[in-house]
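Please read the structure below before turning to the comments.
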Protein chains: 2
Amino acid sequence: MSTHYFDHVATTPLREEALEAMLPYLKEDFGNPLSQYEAGARAKAAIEEAREKVASLIGVRPSGIIFTASGAESNNFAIRGAALARQDKGTHIVVSKVEHHSILNPARFLEKSGFVVSYLPVDEHGLVDPEVLRKSITDETVLVSIIHASPEVGTIEPIKELAAVAKERGVLFHTDAVASAGNIMVDVGELGVDLMSLSAHQFGGPKGAAALYVKEGMRIVPLIYGGIQESGRRAGTENVPAIVGMGRAAELAASEVADNAKRLTKMRDRLIEGILKVPNVHLTGHRTKRLPGHASFVVEFIEGEAMLLMLAAKGIYVASGSACSSKALKASPVLLSMGVSASLAQGSVVFTMGGESTDEDVDYAIEEFPKVITRLREISPYAGGWGGQEESG
Amino acid sequence: MSTHYFDHVATTPLREEALEAMLPYLKEDFGNPLSQYEAGARAKAAIEEAREKVASLIGVRPSGIIFTASGAESNNFAIRGAALARQDKGTHIVVSKVEHHSILNPARFLEKSGFVVSYLPVDEHGLVDPEVLRKSITDETVLVSIIHASPEVGTIEPIKELAAVAKERGVLFHTDAVASAGNIMVDVGELGVDLMSLSAHQFGGPKGAAALYVKEGMRIVPLIYGGIQESGRRAGTENVPAIVGMGRAAELAASEVADNAKRLTKMRDRLIEGILKVPNVHLTGHRTKRLPGHASFVVEFIEGEAMLLMLAAKGIYVASGSACSSKALKASPVLLSMGVSASLAQGSVVFTMGGESTDEDVDYAIEEFPKVITRLREISPYAGGWGGQEESG
């Protein structure tokens, strides 16, 4: 059976070039970057080279990049670190209802520590309205965090406009660019953000390397205290091989992102068109303001996990909702916030493509998806009952 | 020039067997462990197998192991997470003065959040006295954290006795076993601790994988919030290759630790004997209650960095103090707490050996070290002046 990987939002394959770059640091160049002899210096130089490449991907200076171990760590660090550093100024922060769990859950932690958090609503496409943000900002607001692109529904938020609103009011702006950086053009200067999270394994780099961009001169309270790594802002022996792999993947992404985005947008549009031919299937997220390789749907009368497993049996690997909560089996808060009913949200399916995806993958998905849905509806106890019933409730 | 790596406390070479185990997960088996299709299931199974191996290394059940990205993260997680989970019971914690920065600095963060921290003194060998611990515990004490073995001076603390004192008083006990786990026999049950930090790259595993053991049923506040990974206790896409490498290294360490410790103890004792033949050189840490491969000294009239660089020029790679602070150029707080003068502490040199170290490495160090010291003392502006002067002050 041929396999067709449509789950790049969960993780991307590690690019061969990135692995090649990593291997010396998994073998002979194993030194600790803090060691003061040659082996340490080589590791240190490798990290600084990677820092330049990652910085270049998002259009910032290398000194603005702090390496972390995951997008989740970057997000926790960003919102807790920025909020705590400013708590003498105010204790109100603003996030959207379509943030990743690694923003929403630390926001709840901050609430327990005395912060007040506003959760901004979104429209039916998952978009945050800059005017709604404007009204939410008070004299107590110290931080706004809005996701750049949703891994679940693909929608790209108007970060430039949102950040401008925060800036007017002198409020810091963080964006979670984990799903976007490396996959679309992301320029910190153009977006006007103060903090940005990104993750290597979302653009062909390894798991275990991620970064937080922090604007020059900005104070941030560390999440991990200890040694003097990352200018004292993030302790722990650097994961040199993974950081080097992230650098190489960032370098490749920077040179390919424009062409890739163009190619993937065409493939995505063809996929959306094909999938929507199946009756009672609806696109989630915005039709055009979405990640190039991202096509997400809700399928009426079908339960997402069954769909996922039957597609997998055909060699089509997709997600049902965000990877980090796909086993939680609750209706997606992101879909609910967009006005999708709880029952319909159970039928969520997310196709995401990346650099190695091909037109043949799309052909295969378009051919097989309708058969799977037809078969599932034949055997589904929900078909024609459960879905409609709950929606009316 | 032959090279002789004596800096295993900074980082160990990645074992070939561990890299072999990692490679499939850096190539074809790149799936996200949370994905519900076969590739995800394979990644998940690989992590659970690694969890069993790491658990086995320290004699616990797999469910007690939470994977993290570094020893520093484990330490931050342990003391902040355990203290915050118990702040309704009390806000006093106890640590020693010879803890790693990744304990001391989060302890200072807790102080800013309203906790009171006691810093226990040590004797001239760096040992914490269980009676001193007993006197420090109050009705407000919720957590004690004492390092298992010092990376700087090699001293192994009497954790069993110290943990027993905490247990008597119903206080949780954490030990930072980053430098010890995999290098000496470490058994959680025998030591009687509730939490333990360990790190893969300290025993032949990769950078980027570490663990925190948490006693069954114990509540701990997460450091990184987000998805449901690690039973909701540590969010972030798992670094599958690194975790698999940690598991393999743990498995190897478990089977070899007794023999290795015996072999390295002999080599260490021979090294100590050889180095101490140089006049005005003193062992730091305890003579026998120390890590098998660990030999640390202070050298009078010599500045540590000069020594380190000249030894490196001879192909001997050592540390001067702990790697995480070696560029800070301050006198080591660990040495100061043991009663070493600030000037003498500047002449710190740490030799650490591991599995691939040989008798020839020891021969070479014993032969070359005296020459280096003689040469440095000839050219040193400090010789006979600076050292003595400050010491009298």
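Every heavy atom of this structure was used, including side-chain atoms; hydrogens, water molecules and symmetry mates were not. Letters A, B, ... mirror the listed sequences (proteins, then strands); counts begin at 1.
- Between B/Asp7 and A/Asn32, the closest side-chain pair of non-hydrogen atoms is not below 4.5 Å.
- Chosen from B/Ala72, B/Ser113, B/Ala210, the residue pairing most often with chain A at heavy-atom distances under 4.5 Å is B/Ala72.
- Atom CG of A/Leu223 and atom CD1 of B/Ile224 lie 5.5 Å apart (nearest 0.5 Å).
- Scanning both residues, B/Gly236 and A/Ser70, for their nearest heavy atoms gives CA-OG, 4.0 Å.
- Between the side chain of A/Asn76 and the main chain of B/Tyr225, a donor-acceptor pair closer than 3.5 Å is present.
- Taking the six-membered ring for Trp and thresholds of 30 and 60 degrees, A/Tyr37 and B/Tyr317 have ring planes inclined between 30 and 60 degrees apart.
- B/Phe77 does not touch chain A: none of its heavy atoms, backbone or side chain, sits under 4.5 Å away.
- Contacts from residues 102-109 of chain A to chain B, taken as heavy-atom pairs separated by less than 4.5 Å, involve A/Ser102, A/Asn105, A/Pro106, A/Phe109 in sequence order.
- Taking each heavy atom of A/Arg234 and B/Ala69 in turn, the nearest pair found is NH2-CB, 4.4 Å.
- Distance check: B/Gln229 CD to A/His101 NE2 gives 9.5 Å after rounding to the nearest 0.5 Å.
- In this structure, the side chains of A/Thr11 and B/Val240 stay at 4.5 Å or more apart for every pair of heavy atoms.
- For chain B, the nearby part of A/Thr12 is the backbone; its heavy atoms alone come within less than 4.5 Å.
- Atom CD of B/Glu73 is separated from atom CD of A/Glu73 by 6.0 Å, given to the nearest 0.5 angstrom.
- Contacts between A/Ala235 and chain B at a heavy-atom distance below 4.5 Å involve backbone atoms as well as side-chain atoms.
- For the atom pair B/Leu26 CG and A/Glu16 CD, the distance stands at 12.5 Å (nearest 0.5 Å).
- Within the 4.5 angstrom heavy-atom criterion, only side-chain atoms of B/Val221, from C-beta onward, approach chain A.
- In this structure, A/Lys27 NZ and B/Leu19 CG are separated by 6.0 Å, a value rounded to the nearest 0.5 Å.
- At a threshold of 4.5 Å between non-hydrogen side-chain atoms, the residues B/Leu23 and A/Leu23 count as touching.
- How far CG of B/Asp29 is from CG of A/Leu14: 12.5 Å, rounded to the nearest 0.5 Å.
- Neither the backbone nor the side chain of B/Ser74 comes within less than 4.5 Å of any heavy atom in chain A.
- Annotation: side chain of B/Glu238 is not in contact with side chain of A/Lys207 (no heavy-atom distance under 4.5 Å).
- Heavy atoms closer than 4.5 Å to chain A are found in both the backbone and the side chain of B/Pro13.
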